[in-house]
Amino acid sequence: MRKISPSIYGREAARLAHDIIGAVLVHRICGKEYRARIVETEAYVGPHDLASHSSKGRTKRTEVMFGPAGHAYVYLIYGMYTMFNIVSGPAGSGQAVLIRAAEPLHDWKVDLSGPGKLTRAFKITLLHNGVDLTTDKLFLLRDPDYRPQIKRTRRIGVDYAKEWKDALLRFVDTKSAAVSGHRIKKTERNS
DNA sequence: GCGTCGATGGCA
DNA sequence: GCCATCGACGCG
């Protein structure tokens, strides 16, 4: 497996969210290496997207979202969970892709079926906000041998976003969503 | 199996 | 006073 091409991050968020399904997320920290296959993502396509944090404008929190693509946008939600996003699109366009779920590789036994669970297990914290994903600490690998089966659905937890709440901007690898022991969310069924 | 609810903190 | 969540409960 090779590191993903840095230029991929410059793609529009909806396309990037689709294209990194099946890719492998790697985090090297404290002498350990965590690896998992990305199986669920969501695109936040710009300031006009009412579900996107960038729709609030350029603030202290959203600053990195308006920066160059290929950097991590990490924020705190509900006082206890961190969400891991990849800034995408042209610099300044305020787009990002949220990594929602992954499947652990090798002998790593852990439940990564949710954005909060994923960051906890990967030890991704607020300190990672703004880090460059083209370095060798936190990055993506392309896996040419894996062919995901990708389905588009509505995004989770954005009911406040008016006409944007029903946009088909969530991408799921259906090969993996069926993994046993994983609860099927109600929002996942009606599509 | 499914709905409801509380924890908990940064930010506007 | 919101939240791009999670897990614990209670129900029957």
Side-chain angles (χ1 to χ4, degrees), chain A residues 9 12-21 25 36 38-67 69 71-89 93-104 109-131 133 138 150-173 176-191:
Chain A
Y9 298 121
E12 297 293 307
R15 171 136 181 250
L16 180 65
H18 170 279
D19 292 349
I20 61 175
I21 294 289
L25 176 64
I38 295 169
V39 299
E40 181 184 343
T41 59
E42 277 178 3
Y44 290 85
V45 301
H48 57 292
D49 173 3
L50 296 180
S52 174
H53 288 173
S54 59
S55 69
K56 302 291 181 192
R58 207 183 264 254
T59 68
K60 186 175 178 183
R61 184 205 216 186
T62 62
E63 189 60 32
V64 269
M65 260 192 104
F66 288 96
H71 288 247
Y73 167 45
V74 183
Y75 66 90
L76 184 74
I77 191 68
Y78 301 117
M80 55 184 98
Y81 299 107
T82 56
M83 302 285 101
F84 172 54
N85 302 252
I86 298 174
V87 177
S88 67
S93 64
Q95 305 180 52
V97 173
L98 170 66
I99 310 300
R100 287 194 59 89
E103 196 167 288
K109 306 292 183 208
V110 65
D111 181 8
L112 303 175
S113 65
K117 296 178 190 174
L118 185 144
T119 53
R120 202 188 349 166
F122 262 89
K123 303 214 189 303
I124 294 172
T125 69
L126 291 179
L127 297 175
H128 292 95
N129 190 35
V131 304
L133 300 176
L138 182 60
I150 302 173
K151 186 171 91 172
R152 285 178 82 133
T153 76
R154 302 202 286 267
R155 293 175 292 186
I156 307 292
V158 295
D159 288 348
Y160 59 87
K162 304 191 176 174
E163 71 270 22
W164 283 92
K165 76 179 166 69
D166 294 323
L168 299 177
L169 292 172
R170 173 167 168 259
F171 299 82
V172 181
D173 179 1
S176 166
V179 168
S180 70
H182 283 198
R183 206 177 97 184
I184 301 161
K185 293 173 181 164
K186 67 180 173 195
T187 37
E188 213 158 310
R189 230 169 311 122
N190 46 20
S191 56

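Lettering of chains follows the sequences in order, A, B, ..., and the numbering in each one begins at 1.
When each of Arg100(A), Lys151(A), Arg152(A) is checked for a side-chain contact (heavy atoms from CB on, under 4.5 Å) with Arg170(A), only Arg100(A) meets the rule.
The salt bridge (charged side-chain N to carboxylate O under 4.0 Å, His left out) test applied to Glu63(A) returns Arg58(A), not counting sequence neighbours. Residues satisfying the side-chain hydrogen bond (donor to acceptor under 3.5 Å, both in side chains) criterion with Thr59(A), sequence neighbours excluded, are Thr62(A). Contacts of Asp159(A) classified as salt bridge (charged side-chain N to carboxylate O under 4.0 Å, His left out), with partners at least two apart in sequence or in another chain: none. Partners of Asp49(A) by side-chain hydrogen bond (donor to acceptor under 3.5 Å, both in side chains), not counting sequence neighbours, listed by chain and number: Arg155(A). With sequence neighbours excluded, the residues that form a salt bridge (charged side-chain N to carboxylate O under 4.0 Å, His left out) with Asp19(A) are Arg11(A), Arg15(A). Qualifying ring-ring contact (aromatic ring centres under 6.0 Å, His included) partners for Phe122(A), counting only residues two or more places apart in sequence or in other chains: Trp108(A).
Residues in residues 112-127 of chain A take part in these salt bridge (Lys or Arg N to Asp or Glu O under 4.0 Å) pairs, two or more places apart or across chains: Asp111(A)-Lys117(A). Note on residues 71-82 of chain A: no pairs pass salt bridge (Lys or Arg N to Asp or Glu O under 4.0 Å), not counting sequence neighbours.
Here Tyr78(A) packs flat against the base of dT5(C); its ring centre is closer than 5.5 angstrom to the base's six-membered ring, tilted by less than 30 degrees.
Residue Tyr160(A) has a polar side-chain atom (N or O) positioned under 4.0 Å from OP1 or OP2 of dA4(C).
The C1' atoms of dG7(C) and dG10(B) are separated by 22 Å, rounded to the nearest whole Å.
Sorted by residue number, the members of residues 54-62 of chain A with any non-hydrogen atom under 4.0 Å from DNA chain B read Thr59(A), Lys60(A), Arg61(A). Of the residues in residues 42-52 of chain A, those placing a heavy atom less than 4.0 Å from an atom of DNA chain C are Tyr44(A), Ala51(A), in numerical order.
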Donor-acceptor pairs under 3.5 Å, side chain of residues 74-88 of chain A to any protein atom, not counting sequence neighbours: which ones?
from, atom 1, to, atom 2, distance (Å)
Thr82(A), OG1, Thr119(A), OG1, 3.1
Thr82(A), OG1, Ile124(A), O, 3.2
Asn85(A), ND2, Tyr73(A), O, 3.1

Next item on the list: Determine which bases of DNA chain B form Watson-Crick or G-U wobble pairs with both distances under 3.5 Å, and write the result as a 5' to 3' dot-bracket string with | for other-strand partners.
Entry: |||||||.|||.
